[in-house]
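Computation of the quantities below employed the complete heavy-atom set of this structure, encompassing side-chain atoms and omitting hydrogens, waters and symmetry-equivalent molecules.
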Amino acid sequence: GDISNSNQRIKTSSTLRIGGSSQYRSYLEWNISSIPSQSSISKIDFSYASSAEASRQEEIFSISLQPSTAQDDASFGGANSQLYEDIGAGNEYYDFSHGDFVILSQFPRRTITLQQLAIADIQQKIVSNQKWFAIGITQENPSSQTVEIYSTEQIIPQQKPSLTITYTSQ
C-alpha cells in the first residue's frame with residue numbers, strides 16, 4: 001500500500017506511489033513463515049516493475065510496525081501517521097547511491113540486492129519466530145513528481161513485486 005503526508009489514508013491499488021506533492025511513502029509486506037528458524041540467510045533480492053521510468057533518489061528502509069495490522073485511521077497523528085513516519089525511520093536497505101531505482105535498460109522490471117542490514121533484520125525475525133518482513137520505500141528529497149511501481153494487487157503476475165531470499169537450512 002501507500003500512504004500520503006497530506007491525508008494519512010492507506011491506499012491499496014495496483015500501483016504504489018513514492019514522492020509527489022503529497023510525499024507518498026509505500027510499503028510491501030511478505031509472509032516469511034516458510035523459512036526454517038535455523039536457516040542462514042545469505043542474500044535478499046527485491047524485484048519490482050515500474051509503470052514509468054523515473055528516479056527521484058528513492059530509498060528502501062526496514063519497518064518496525066507490521067503494515068497489515070495498521071488501522072486505516074485518517075486522523076492526523078493516528079496509526080497511519082505512525083506507519084508513515086516508520087517507513088523512513090528504520091535501517092537503510094538501499095539508497096540511490098547504489099543505482100537509480102528505475103533504469104531504462106531494465107525497464108519495466110528491476111531486481112536489486114538489499115544491503116547487509118536487511119539480512120541481519122530478516123535473520124532476527126526468523127530466529128524470534130516472527131512471520132512477516134516488510135520494507136518501506138521513500139525519497140531522500142521528495143519532489144513534486146511521483147515514482148510508481150506495481151503492487152501485489154497487480155493482476156499481471158510478471159509485474160508483481162517479489163522478494164527472493166537465499167538461505168541454507170542447518
Side-chain angles (χ1 to χ4, degrees), residues 1-13 15-33 35 41 43-48 50 54-102 110-153 160-165:
D2 63 29
I3 186 168
S4 78
N5 180 14
S6 60
N7 67 14
Q8 304 293 316
R9 298 288 304 191
I10 293 175
K11 181 182 91 45
T12 304
S13 70
T15 58
L16 301 175
R17 294 175 285 183
I18 303 132
S21 58
S22 293
Q23 298 181 15
Y24 286 97
R25 295 178 178 179
S26 292
Y27 58 87
L28 292 159
E29 179 181 334
W30 290 273
N31 181 327
I32 59 168
S33 63
I35 301 173
I41 308 296
K43 186 177 179 184
I44 304 172
D45 287 332
F46 171 49
S47 297
Y48 55 94
S50 177
S55 184
R56 314 275 185 256
Q57 300 181 333
E58 289 75 28
E59 299 175 310
I60 299 175
F61 291 93
S62 65
I63 300 178
S64 61
L65 299 173
Q66 186 174 3
S68 62
T69 62
Q71 300 295 314
D72 193 7
D73 175 9
S75 63
F76 189 78
N80 291 353
S81 178
Q82 293 171 13
L83 180 57
Y84 182 87
E85 293 301 322
D86 191 35
I87 288 173
N91 290 327
E92 188 175 79
Y93 294 161
Y94 179 86
D95 71 29
F96 62 91
S97 69
H98 299 283
D100 288 340
F101 195 66
V102 178
R110 171 112 198 265
T111 298
I112 57 176
T113 299
L114 300 182
Q115 296 174 32
Q116 284 297 123
L117 286 172
I119 292 172
D121 285 352
I122 206 166
Q123 192 76 57
Q124 178 59 39
K125 284 184 178 289
I126 62 170
V127 167
S128 62
N129 204 30
Q130 291 186 41
K131 310 264 188 247
W132 64 276
F133 178 74
I135 60 172
I137 309 170
T138 186
Q139 291 178 340
E140 180 172 304
N141 299 306
S143 69
S144 61
Q145 297 177 329
T146 59
V147 171
E148 293 185 352
I149 65 170
Y150 291 110
S151 76
T152 54
E153 305 296 318
K160 291 183 178 193
S162 64
L163 194 70
T164 303
I165 301 170

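Note that CD1 of Ile41 and NZ of Lys125 are 12.5 Å apart. Values are rounded to the nearest 0.5 Å. Between the CG atom of Leu117 and the CD1 atom of Ile44 there is a distance of 10.5 Å, given to the nearest 0.5 Å. If you take CD on Gln115 and OH on Tyr94, they are separated by 9.0 Å, rounding to the nearest 0.5 Å. With rounding to the nearest 0.5 Å, the separation of CG in Asn31 from CZ in Phe133 is 13.0 Å. Remark: Leu28 CG to Ile137 CD1 distance equals 5.0 Å, nearest 0.5 Å. To the nearest 0.5 Å, the span separating CG on Leu114 from CD1 on Ile165 amounts to 9.5 Å.
Scanning all heavy atoms of the two residues, the minimum distance from Pro67 to Trp132 falls at CD-CZ3, 4.3 Å. Closest approach of Ser47 to Thr111, counting heavy atoms only: OG-OG1, 2.6 Å.
By the neighbour-count criterion of 12 heavy atoms within 6.0 Å, atom CD of Gln116 is sparsely surrounded, having that number or fewer from other residues, nucleotides or ligands.
Taking the six-membered ring where the residue is Trp, Phe46 and Trp30 present perpendicular rings, their angle passing 60° and hence far from 30°.
At distances below 3.5 Å, at least one donor-acceptor pair connects side-chain atoms of Ser62 with backbone N or O atoms of Asn91.
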Criterion side-chain contact (heavy atoms from CB on, under 4.5 Å) on Ile112 and Ile60, from CA distance to verdict: CA-CA 11 Å; Ile112 57 176; Ile60 299 175; 3.5 Å; yes
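Between Phe61 and Ile135 the shortest side-chain heavy-atom distance does not fall below 4.5 Å.
Side-chain contact of Ser68 with Glu29: a donor-acceptor pair under 3.5 Å is present, judged by distance alone. A donor-acceptor contact closer than 3.5 angstrom links the side chains of Asp45 and Thr113.
Judged as a side-chain hydrogen bond (donor to acceptor under 3.5 Å, both in side chains), and not counting sequence neighbours, the contacts of Asp86 are Ser64.
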